[in-house]
**Q** 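One structure, pasted below without further comment.
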Amino acid sequence: MISISAGFRYIFAKNTYSGYLKNILINPNQTAFGANYNGINMVPAPQFFTDAAATLNGWSAGASAYYNGLDPIVQGGGGSTLLSDGTSAGLTAQQIAEIQGLLVAAGVDPADLSSIDIATAQATLGEAAPDFANNANEMTGYAALTSDKEVDAIQTGTAFTPIIGANLTFGEKLNVGIKYEFRTSLTLTNDTKVDGTGLFPDGGKLRYDIPAILSAGFEYKALENLRVAGGFHYYFDKDAVIESAPGVKKEIDGNLYEFAAGLEYDITDRILVSAGYLYAKTGVGKGYQTDLTHSLTSNTVGFGAMFKVNENLALVLGALYTMYNPDSKYIDYSSYGIPGITEAKEIYSRTNIGFAIGAAYKF
């Protein structure tokens with residue numbers, strides 16, 4: 001016997017983001033910005049970057065002042081005088097020490113200070129002053145980025161999924177089903193009360209499609225009171241539009257598929273128990289994975305039971321446990337210019353336990 005079906009599913013999607021990130025601590029080894037930053041002490045990140053910005057701004061101001069202050073000496077013919085002998089050109093010992101300190105901050109090897117003349121020192125300070133200022137601005141930005149963040153936002157959206165299917169019955173023991181769910185175009189809209197991250201602008205819209213799904217399965221009646229079932233599900237993830245930001249589609253390298261198997265056993269006419277297993281193989285690549293949205297290969301086991309109260313009413317119990325294979329990726333921080341930090345490793349790992357209780361009533 002062959003039967004076909006058609007229908008649709010109404011989707012009401014809702015994502016809730018409520019939380020905060022506070023008190024970020026780091027252990028920078030940058031004593032030039034403060035004695036407390038010795039690589040051992042854990043210190044508040046915003047405070048470190050604020051102190052770094054203040055120090056760099058001071059260096060920038062000092063470098064500019066000495067660049068201008070040395071100009072009369074250079075223009076007067078004293079540029080070839082060694083900086084270490086600068087007292088002969090009218091500099092004080094304190095001024096020489098301060099200039100040498102700025103040169104070291106600008107990257108000059110301390111061992112080379114004795115061979116640098118005043119003209120070279122002036123040129124080096126002239127180049128260093130704007131670099132110090134730019135780095136100070138970056139540190140100020142990092143102070144803001146590492147400050148306490150809070151998010152209170154809800155994303156909602158609705159859509160319809162068309163579904164078609166076919167069922168094939170072979171005798172009294174074997175039943176085979178095939179179903180195809182079309183890709184669902186889903187747009188989520190932000191309702192944001194607090195957005196300390198800039199990721200959830202109020203009223204912002206994000207495409208988050210549900211991929212098309214092809215499913216096939218069978219049930220075989222091995223014994224009068226024992227049934228065996230299996231299934232395969234294939235998700236066309238690559239065709240779905242999933243955005244990380246408005247207009248920015250997330251990278252998906254391949255499609256996801258699942259294999260499932262299960263047993264159902266009638267202990268008595270009133271009591272039924274079941275067990276099942278599901279293997280899910282993700283197809284997304286490293287480019288898709290983030291701390292907020294990631295997809296992991298998993299193994300799930302489930303158990304269930306049903307108790308028939310009478311001919312019409314049954315109570316149903318279920319439980320499942322999912323074990324996810326961890327994934328990770330390295331994030332390049334070298335372009336941010338954070339001292340001592342070139343990359344960070346994000347690890348994605350989790351487990352899932354679910355319980356269900358319900359009732360089924362047959363009219």
Side-chain angles (χ1 to χ4, degrees), residues 8-22 24 145 147-163 181-213 215 233-258 278 280-298 300 302 318 320-329 331 346-356 358:
F8 68 88
R9 179 186 297 113
Y10 175 71
I11 305 293
F12 176 76
K14 181 179 180 181
N15 297 330
T16 300
Y17 298 91
S18 179
Y20 58 83
L21 184 64
K22 296 182 178 181
I24 297 177
L145 290 173
S147 62
D148 293 349
K149 307 293 183 184
E150 184 179 358
V151 170
D152 185 0
I154 296 175
Q155 295 177 326
T156 57
T158 59
F160 290 91
T161 302
I163 304 171
E181 301 185 20
F182 290 82
R183 179 174 64 86
T184 306
S185 179
L186 177 64
T187 299
L188 300 176
T189 303
N190 295 334
D191 179 8
T192 305
K193 296 180 175 62
V194 181
D195 182 18
T197 64
L199 298 175
F200 303 93
D202 189 35
K205 297 183 182 296
L206 201 69
R207 277 284 297 276
Y208 222 88
D209 291 358
I210 300 173
I213 306 172
S215 302
H233 318 117
Y234 193 83
Y235 298 78
F236 296 86
D237 292 332
K238 291 187 67 175
D239 298 330
V241 178
I242 299 177
E243 295 179 337
S244 57
V248 181
K249 184 178 178 181
K250 291 176 71 70
E251 298 178 20
I252 299 178
D253 292 346
N255 296 324
L256 181 147
Y257 60 85
E258 297 174 331
L278 174 70
K281 174 63 176 178
T282 186
V284 303
K286 301 291 185 181
Y288 176 91
Q289 310 287 47
T290 70
D291 53 350
L292 289 178
T293 56
H294 47 268
S295 179
L296 303 174
T297 296
S298 64
T300 301
L320 64 84
Y321 176 63
T322 303
M323 299 154 284
Y324 293 90
N325 295 351
D327 196 7
S328 64
K329 76 174 182 181
I331 301 175
E346 280 192 349
I347 299 175
Y348 314 104
S349 179
R350 50 184 162 142
T351 57
N352 179 53
I353 300 176
F355 300 95

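Heavy-atom basis, side chains included; hydrogens, waters and symmetry copies ignored.
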**Q** Is there a side-chain contact between Q155 and Y208 (heavy atoms, below 4.5 Å)?
**A**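 Heavy-atom side-chain distance check fails, nothing below 4.5 Å.
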**Q** Minimum heavy-atom separation for T282 to S295, with atom names?
**A**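 That closest heavy-atom pairing would be OG1-OG, 2.7 Å.
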**Q** Any sub-3.5 Å donor-acceptor pair from K286's side-chain atoms to S328's backbone N or O?
**A** yes
**Q** How far does OG of S147 sit from CD1 of I24, to the nearest 0.5 angstrom?
**A** 7.5 Å
**Q** Above 12 or not: heavy atoms from other molecules or residues under 6.0 Å from NZ of K249?
**A**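 Check passes, neighbour count above 12.
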**Q** According to salt bridge (charged side-chain N to carboxylate O under 4.0 Å, His left out), does anything in residues 193-212 pair up with another residue at least two apart or in another chain? List the pairs.
**A** R183-D209, R207-D209
**Q** Which heavy atom of Y348 sits nearest a heavy atom of L296, and at what distance?
**A**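 Smallest interatomic distance, heavy atoms only, reads O-CD1, 3.8 Å.
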**Q** Grab the two heavy atoms, one from G203 and one from T189, that are nearest each other, plus how far apart they are.
**A** O-CG2, 4.0 Å
**Q** Which heavy atom of G196 sits nearest a heavy atom of V151, and at what distance?
**A** N-CG2, 4.4 Å
**Q** To the nearest 0.5 Å, how far apart are OH in Y17 and CG in L199?
**A**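 Reported value, rounded in 0.5 Å steps: 9.5 Å.
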**Q** Any donor-acceptor pair under 3.5 Å linking the side chain of K250 with the backbone of Y288?
**A** yes
**Q** Output, in order, the C-alpha distance, side-chain angles, deciding distance and verdict of side chain to side chain contact (heavy atoms under 4.5 Å, CB included) for Y10 and T158.
**A** CA-CA 7 Å; Y10 175 71; T158 59; 3.2 Å; yes
**Q** At their closest point, which heavy atom of A159 faces which heavy atom of L186, and how far apart are they?
**A** CB-CD1, 4.0 Å
**Q** Would you give the length of the straight line joining atom OG1 of T161 to atom CZ of R9, rounded to the nearest 0.5 angstrom?
**A**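 Reported value, rounded in 0.5 Å steps: 5.5 Å.
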**Q** If only atom types and distance count, is the side chain of T192 paired as donor or acceptor with the main-chain N or O of V194 below 3.5 Å?
**A** no
**Q** Would you kindly say whether E258 and Y234 are connected by a side-chain donor-acceptor distance under 3.5 Å?
**A**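 The answer is no; no qualifying pair exists.
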**Q** Side-chain contact, heavy-atom cut-off 4.5 Å: T187 with L206?
**A**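 Not in contact.
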**Q** Any sub-3.5 Å donor-acceptor pair from N190's side-chain atoms to P201's backbone N or O?
**A** yes
**Q** Would you say the ring centroid of Y235 lies under 6.0 angstrom from that of Y257?
**A**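 No, ring centres 6.0 Å or more apart.
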**Q** Does E346 CD have over 12 foreign heavy atoms under 6.0 Å away?
**A** yes
**Q** When you compare the side chain of R350 with that of H294, does any pair of heavy atoms fall below 4.5 Å?
**A**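 The answer is yes, as the side chains (C-beta and beyond) meet within the 4.5 Å cut-off.
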**Q** Let me see the working for T156 and D191 under side chain to side chain contact (heavy atoms under 4.5 Å, CB included), right down to the final yes or no.
**A** CA-CA 8 Å; T156 57; D191 179 8; 6.0 Å; no
**Q** If we only count heavy atoms from C-beta on, is the Y20 to D148 side-chain gap below 4.5 Å?
**A** no
**Q** Taking the side chain as C-beta and beyond, is there a heavy-atom pair between Y321 and T300 under 4.5 Å?
**A**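 SC-SC contact between Y321 and T300 ruled out.
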**Q** Is there side-chain contact between E243 and V248, with at least one heavy-atom pair below 4.5 Å?
**A** no
**Q** Run the side chain to side chain contact (heavy atoms under 4.5 Å, CB included) check on L188 and N15 step by step: do they pass?
**A** CA-CA 9 Å; L188 300 176; N15 297 330; 3.4 Å; yes
**Q** Once you round to the nearest 0.5 Å, how far does OG1 of T322 lie from CG of L278?
**A** 7.5 Å
**Q** As an exercise, state the distance from CG of D253 to CG of D237, rounded to the nearest 0.5 Å.
**A** 11.0 Å
**Q** Check whether any side-chain heavy atom of I11 sits under 4.5 Å from a side-chain heavy atom of I210, and report yes or no.
**A** yes
**Q** Is a side-chain N or O of K14 found less than 3.5 angstrom from the main chain of I154, in a donor-acceptor match?
**A** no
**Q** List the steps and the verdict of side chain to side chain contact (heavy atoms under 4.5 Å, CB included) for M323 and T351.
**A** CA-CA 5 Å; M323 299 154 284; T351 57; 5.5 Å; no
**Q** For T297 versus A280, what's the shortest heavy-atom pair and its separation?
**A**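 Minimum heavy-atom contact is CG2-O, 3.1 Å.
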